Amino acid sequence: DQQVKQNSPSLSVQEGRISILNCDYTNSMFDYFLWYKKYPAEGPTFLISISSIKDKNEDGRFTVFLNKSAKHLSLHIVPSQPGDSAVYFCAASAKRASNTGKLIFGQGTTLQVKP
Amino acid sequence: DTEVTQTPKHLVMGMTNKKSLKCEQHMGHRAMYWYKQKAKKPPELMFVYSYEKLSINESVPSRFSPECPNSSLLNLHLHALQPEDSALYLCASSPPAGARMNTEAFFGQGTRLTVV
């Protein structure tokens with residue numbers, strides 16, 4: 001039972017263009033969503049998050065959009081850079097419900113940004 | 001200091017060995033976590049400690065035994081592991097969920113464990 005889904009295992013974009021990574025979730029109790037970036041043999045690095053009370057959060061080149069009615073979120077990277085090439089994980093938690101900070105991760109999307 | 005430090009980075013152990021993974025953070029976080037990640041899979045939660053007390057055990061086999069000696073340290077004791085337990089073990093920390101709504105978990109670099 002995959003509560004957080006990233007249906008695209010991989011994505012390839014040209015340097016300077018926009019990268020859009022998508023994530024869907026099924027649990028309506030989720031109220032906090034995060035994106036992590038991961039290089040091989042390293043731990044996930046936090047990128048950006050969004051609370052369910054918002055529909056957009058922006059931090060530099062990274063913007064996360066949340067569509068609660070569709071249970072969908074997306075990460076936009078503009079402009080994409082070769083250093084952005086990594087695996088991107090979407091994660092969700094139900095903070096108000098569980099108060100544990102437990103994160104449920106999607107399967108990850110491997111982004112390749114070509115020079 | 002926004003770092004979570006895990007030691008060792010790599011560990012190879014036999015099925016009869018006893019070993020421990022260590023995790024340390026000095027961010028004043030009072031929630032600490034162990035996750036397990038197999039190749040090409042997402043991290044999966046194993047244990048959560050909140051204020052040094054075990055609050056979640058995700059039905060992890062008893063051959064994995066967590067310990068939280070103080071608010072900065074988290075250990076994972078390993079005994080009689082199986083080859084299928086080989087994975088990347090990730091430690092993370094965060095402020096308790098009730099402290100602030102918008103808080104993220106900080107992850108260490110992980111310990112790559114191989115059971116032979």
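In what follows, every heavy atom counts, from backbone to side chain, and hydrogens, waters and symmetry copies are set aside. A quick note: this is a predicted structure, and the numbers were derived from the prediction, not measured. Below, read A as the first sequence line, B as the second, and so on, with proteins coming before strands; counting in each chain starts at 1.
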Tell me, do [X] and [Y] make a side-chain contact under 4.5 Å, heavy atoms counted?
{"X": "A/Tyr32", "Y": "B/Glu104", "answer": "yes"}
{"X": "B/Gln109", "Y": "A/Tyr39", "answer": "no"}
{"X": "A/Gln107", "Y": "B/Lys40", "answer": "no"}

Please find the pair of heavy atoms, one from [X] and one from [Y], that lie closest to each other, and give the distance.
{"X": "A/Gly106", "Y": "B/Pro42", "value": "O-CB, 2.9 Å"}
{"X": "A/Phe89", "Y": "B/Pro43", "value": "CE2-CD, 4.1 Å"}
{"X": "A/Glu42", "Y": "B/Leu88", "value": "O-CD2, 4.1 Å"}
{"X": "A/Pro44", "Y": "B/Leu90", "value": "CD-CD1, 3.8 Å"}

Inter-residue atom distance B/Tyr35.OH - A/Lys102.NZ, 0.5 Å rounding: 8.5 Å

Before we go on, tell me: are the rings of A/Tyr36 and B/Phe107 under 6.0 Å apart, centre to centre? yes

Look at the side-chain heavy atoms of Ile, Leu, Val, Met, Phe, Trp and Tyr, link any pair under 4.5 Å apart, and say whether [X] and [Y] land in one connected group.
{"X": "B/Trp34", "Y": "B/Val60", "result": "yes"}
{"X": "B/Ile56", "Y": "B/Met46", "result": "no"}
{"X": "A/Ile20", "Y": "A/Trp35", "result": "no"}
{"X": "B/Tyr33", "Y": "B/Tyr49", "result": "no"}
{"X": "A/Leu11", "Y": "A/Ile18", "result": "no"}

Chain B contact via A/Leu103 - which portion, at a heavy-atom distance below 4.5 Å: both

So which part of B/Glu44 gets closer than 4.5 Å to some heavy atom of chain A, the side chain, the backbone, both or neither? neither

Part of B/Gln6 within contact of chain A (heavy atom distance under 4.5 Å):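 No part of B/Gln6 comes within 4.5 Å of chain A.
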
A/Arg17 atom CZ, over 12 foreign heavy atoms within 6.0 Å: no

More than 12 foreign heavy atoms under 6.0 Å from NZ of B/Lys38: is that the case here?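 Atom NZ in B/Lys38 is crowded, with more than 12 foreign heavy atoms closer than 6.0 Å.
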
